[in-house]
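Below you'll find the structure, written out as C-alpha cells, and then a few comments.
Owing to the predicted nature of the structure, the values given are computational and were not obtained by experimental measurement.
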Amino acid sequence: MKVILSCLVCRLVTFILQKMGRGATTLPGRVALKVKRNILSDLSKNVKVIIVTGTNGKTTSCRIIEEGLKTAGKTYFINKSGANLITGITASFIMNSTITGRNKYEYAIVECDENAFREVSRYIRADVVLVTNVFRDQLDRYGEVTHTLNAIKESIKNLPNATVCLNADCSLTYSMSREIPNKIVTYGVNVPFDKSAKEPEISDAKYCISCKHEYRYSYHTYGHLGGFECVSCGYKRVSPDFAVTSVEELKPNSSLVVTDFDGDKNITKINIGGTYNIYNAIGCSSALSAFGLDNRTIYKALENFNGAFGRMEQFESGDNKINVILVKNPAGFSQTMSFLKSIEDDYTLILSLNDNAADGRDISWIWDVDFNDIFKKSNVKDIYVTGKRCYDMAIRVKYEGVGNREIKVIENEDYDKLVDIATSQGRDVYIVPTYTSMMTMRPVIAKRLGGKDFWE
C-alpha cells in the first residue's frame with residue numbers, strides 16, 4: 001500500500017510542478033521518500049540497473065550508454081535531468097513505473113552523485129557500476145579526493161553482485177580493485193593525447209595511495225591520469241580490458257581512435273569532441289559490454305552519439321554555432337581550455353562563474369585551472385565573463401594574460417543579453433559555464449534558438 005501511495009503523491013507533485021512550468025526533478029522524489037524511505041528497493045526489482053558515478057563525465061556517459069541501448073533495441077529509462085541525488089533518482093524510477101511500482105522498462109540508466117551513492121546503494125539493485133574518475137571537486141562539499149574515493153568504495157561494497165567498470169588510468173579509482181569483492185572490468189587510454197604535453201603542475205594524485213611515494217609516469221593523458229607506477233610498493237596501471245591504443249585524429253566535434261575491446265581491434269569514430277570524451281566513450285564501451293551488448297553495436301553507438309545537454313551541446317545561430325561546455329572543477333576546466341586551443345577557426349569565448357551551493361561556494365579552484373596558453377592564439381577574438389562571480393573570473397583571466405583584448409563583463413546574470421551578444425558575433429561562440437549558470441542560461445538559449453527542456 002505504501003508503494004502505491006508513494007507513487008501517487010510523486011505523480012501528483014510532478015503534474016502540479018510541470019503545470020507551473022518547472023522541471024519537477026527532486027521535490028516529487030522527496031515527497032515520495034517521506035511516504036516510503038526504501039521505495040527504491042521495490043522499484044528496482046524487475047529492471048537491469050547501471051549506475052554511473054565519479055567526478056567528471058557522468059551525464060555524458062549516461063547519454064552514451066543510452067545511445068548504446070537504443071541502438072541495441074532495448075527499452076530503458078534515464079534520469080535525463082541530471083537530478084542525481086536520491087530524491088531525483090527516486091522520482092525518475094517512480095515516473096517510469098506502474099502505479100504499483102513495477103518498472104515498465106528492461107533497463108535503468110542512473111547518474112548518481114558520489115556522496116549520494118552511499119544511500120542509493122543501500123536500496124537499489126545494480127547490475128553494473130561505471131566509475132568515471134576521481135578528481136578534486138567542490139572542496140567545501142566533497143572534501144579531499146580520498147573522501148570521494150571512500151564514498152564510492154563503501155557504496156560499491158553494498159552492491160557485491162554488480163560488475164564494476166574502473167578507469168585503469170586513474171590511480172585513485174583503480175585502487176578500489178584491491179578492496180571490493182566485485183567482478184572488475186578495466187578501461188583506459190594506452191597513449192598520450194599529445195606527446196609534447198608537459199606534466200601537469202597540479203596533480204590530485206601525485207603520491208602513491210598505498211605507500212605515499214611519488215608516482216613515476218610513462219605518459220600522461222590529462223590531470224593525474226596516465227601510465228602511473230609506484231617503484232616503491234609496485235602499485236601501477238594495469239593493461240585495460242577496453243583500451244584506446246592509438247589516437248588517429250582529433251577534431252572539434254569528433255575523434256578517430258584505434259580501440260581494443262578485449263582483443264577485438266577496430267578503428268572507431270567517437271562522435272563528440274574533447275579528449276576527455278574519449279575516456280567517457282571507452283568507459284561506456286566497457287559498461288555496455290558488461291550488459292551483454294556486442295562490439296558492433298557499441299561501435300555504432302559511439303559513432304551516432306550527439307552529446308548531452310550542456311556538455312558539448314550546440315545551438316544553431318544562422319551559419320554559426322553557439323556551443324555550451326559545462327565545467328565544474330580544475331581538471332574539467334583545464335581540459336576544456338585544451339580542447340578550445342585545438343580549434344583553428346575564429347570564435348568568441350564566454351566564461352560564466354557562479355558560486356551557488358551546487359557549484360561550490362569556494363571559487364579559489366579557478367586559480368588551479370591551466371588555460372593552456374589559449375590566449376596566445378589570435379583566433380580567440382572576443383572574451384566575455386558573466387555569472388554571479390563574473391568579476392572574479394575577469395581577474396583570473398586578466399592574470400592569465402589576454403594581450404590587447406578587452407575582457408567584457410555581462411553583469412547581473414543577464415542571459416538574454418548573453419544570447420543577444422552570442423547571436424550577433426558572426427562567428428562561432430563557446431560558452432563555458434559552471435553548473436547553476438548553465439542550468440539558468442540554457443532555457444534562455446533554448447527558447448531563443450530552439451531546444452528541448454533539460455528534463456526531456
Least distance between heavy atoms, Asn354 atom then Ile363 atom: O-CG2, 4.4 Å
In terms of heavy-atom contacts, Asn150 and Arg118 come closest through C-NH2, 4.3 Å
Sub-3.5 Å donor-acceptor pair from the side chain of Glu106 to the main-chain atoms of Thr75, do we have one? yes
Test side-chain contact (heavy atoms from CB on, under 4.5 Å) applied to Thr434 and Leu351, Leu326, Asp359, Asn356, the passing residue: Asp359
Could you check whether any side-chain heavy atom of Arg37 comes within less than 4.5 Å of a side-chain heavy atom of Glu119, counting everything from C-beta outward? yes
Under the criterion side-chain hydrogen bond (donor to acceptor under 3.5 Å, both in side chains), which of Thr53, Thr59, Asn79 is the partner of Glu111? Thr59
If you measure from CG on Leu172 to NZ on Lys153, what distance do you get to the nearest 0.5 Å? 10.0 Å
Should Thr71 and Tyr299 count as side-chain neighbours, where that means a heavy-atom distance under 4.5 Å? no
Starting from the C-alpha separation in whole Å, work towards a yes-or-no answer on side chain to side chain contact (heavy atoms under 4.5 Å, CB included) for Ile94 and Ile39. CA-CA 9 Å; Ile94 289 176; Ile39 189 170; 4.1 Å; yes
Under the rule for salt bridge (Lys or Arg N to Asp or Glu O under 4.0 Å), what residues qualify as partners of Arg102, not counting sequence neighbours? none
Shortest non-hydrogen contact from Asn115 toward Ala151: OD1-CB, 3.9 Å
Could you tell me whether Asp355 and Arg389 make a salt bridge, using a distance below 4.0 angstrom between a side-chain N and a carboxylate O? yes
Is the closest basic N to carboxylate O distance between Asp416 and Arg448 below 4.0 Å? yes
Measure across Asp370 and Ser334 and return the closest heavy-atom pair with its distance rounded to 0.1 Å. N-OG, 2.9 Å
Are any non-hydrogen side-chain atoms of Glu411 and Asp414 less than 4.5 angstrom apart? no
Check the angle between the aromatic planes of Tyr430 and Phe339 and answer parallel, tilted or perpendicular using the 30° and 60° thresholds. perpendicular
Would the distance check show the side chain of Lys377 and the main-chain N or O of Lys341 forming a donor-acceptor pair, the cut-off being under 3.5 Å? yes
Atom CD1 of Ile267: over 12 foreign heavy atoms under 6.0 Å: no
Between Asn320 and Val429, does a side chain to side chain contact (heavy atoms under 4.5 Å, CB included) hold up when you go through it step by step? CA-CA 8 Å; Asn320 304 115; Val429 176; over 6 Å; no
Mark yes or no for whether Thr259, through its side chain, and Asn266, through its backbone, hold a donor-acceptor pair below 3.5 Å. yes
Just checking Phe77 against Phe93, ring centres under 6.0 Å apart? yes
Any Val131 side-chain heavy atom under 4.5 Å of Asn167 side chain: no
Working note: Ser61 + Thr132, criterion side chain to side chain contact (heavy atoms under 4.5 Å, CB included); need CA distance, chi angles, decisive distance, verdict. CA-CA 8 Å; Ser61 293; Thr132 59; 4.0 Å; yes
Is Ile322 close to Ile431 at the side-chain level, that is, under 4.5 Å between some pair of heavy atoms? yes
Sidechain-backbone polar pair: Lys36 side chain, Ala32 backbone, donor-acceptor under 3.5 Å: no
Have a look at Cys62 and tell me which of Asn84, Val110, Val52 forms a side-chain contact (heavy atoms from CB on, under 4.5 Å) with it. Val52
Where do Tyr384 and Gln425 land on the side chain to side chain contact (heavy atoms under 4.5 Å, CB included) test, with the steps shown first? CA-CA 12 Å; Tyr384 290 85; Gln425 294 296 296; 3.9 Å; yes
Flag the pair Arg427 and Asp345 as a salt bridge only when some basic side-chain nitrogen lies within less than 4.0 angstrom of an acidic carboxylate oxygen. no
Heavy-atom side-chain proximity of Asn295 to Ile298 below 4.5 angstrom: yes
Between Tyr105 (side chain) and Lys74 (backbone), is there a donor-acceptor pair under 3.5 Å? no
Do you know which of Arg442, Arg63, Lys321 makes salt bridge (Lys or Arg N to Asp or Glu O under 4.0 Å) with Glu313? Arg442
Asp169 versus Tyr279, side-chain donor and acceptor atoms under 3.5 Å: yes
Output the distance between atom CG (Leu293) and atom CG (Leu69), rounded to the nearest 0.5 Å. 6.0 Å
Atom pair OG (Ser155) and CD1 (Ile51), whose distance is rounded to the nearest 0.5 Å: 8.5 Å
Going by distance alone, is a donor N or O of one side chain under 3.5 Å from an acceptor N or O of the other, for Glu303 and Asn271? no
Do the side chain of Ser286 and the main chain of Gly283 share a donor and acceptor less than 3.5 angstrom apart? yes
Side chain of Asp373, backbone of Lys376: donor and acceptor closer than 3.5 Å? no
Considering only heavy atoms from C-beta outward, does the side chain of Thr275 approach that of Thr221 to under 4.5 Å? no
Does atom NZ of Lys300 have more than 12 heavy-atom neighbours, drawn from other residues, nucleotides or ligands, at distances under 6.0 Å? no
Have Asn323 and Asp428 got a donor and an acceptor in their side chains that come within less than 3.5 Å? no
For the side chain of Ser285 and the backbone of Ala281, is there at least one donor-acceptor N/O pair under 3.5 Å apart? yes
Rounded distance (nearest 0.5 Å) linking atom NZ of Lys104 with atom OG of Ser97: 7.5 Å
Measuring from atom CG of Leu288 to atom CG of Asp294, what distance do you get when rounded to the nearest 0.5 angstrom? 10.5 Å
Would you find more than 12 non-hydrogen atoms of other residues, nucleotides or ligands less than 6.0 Å from Lys251 atom NZ? no
Ring centres under 6.0 angstrom apart (Tyr222, Phe135): yes
No-hydrogen, no-angle side-chain donor-acceptor test under 3.5 Å, Gln314 and Asn253: yes
Closest non-hydrogen contact found for Val35 with Ser6 is CG1-N, 3.9 Å
Within-4.5 Å side-chain heavy-atom neighbours: Val120 and Asp113: no
Ring centers of Phe242, Phe261 separated by less than 6.0 Å: yes
State the CG-CZ distance between Asp382 and Arg405, to the nearest 0.5 angstrom. 9.0 Å
Treating Thr245 as the side-chain partner and Val258 as the backbone partner, does any N or O pair qualify as donor plus acceptor under 3.5 Å? yes
Indicate the atoms forming the closest heavy-atom contact of Cys112 with Phe117, along with that distance. SG-CA, 3.5 Å
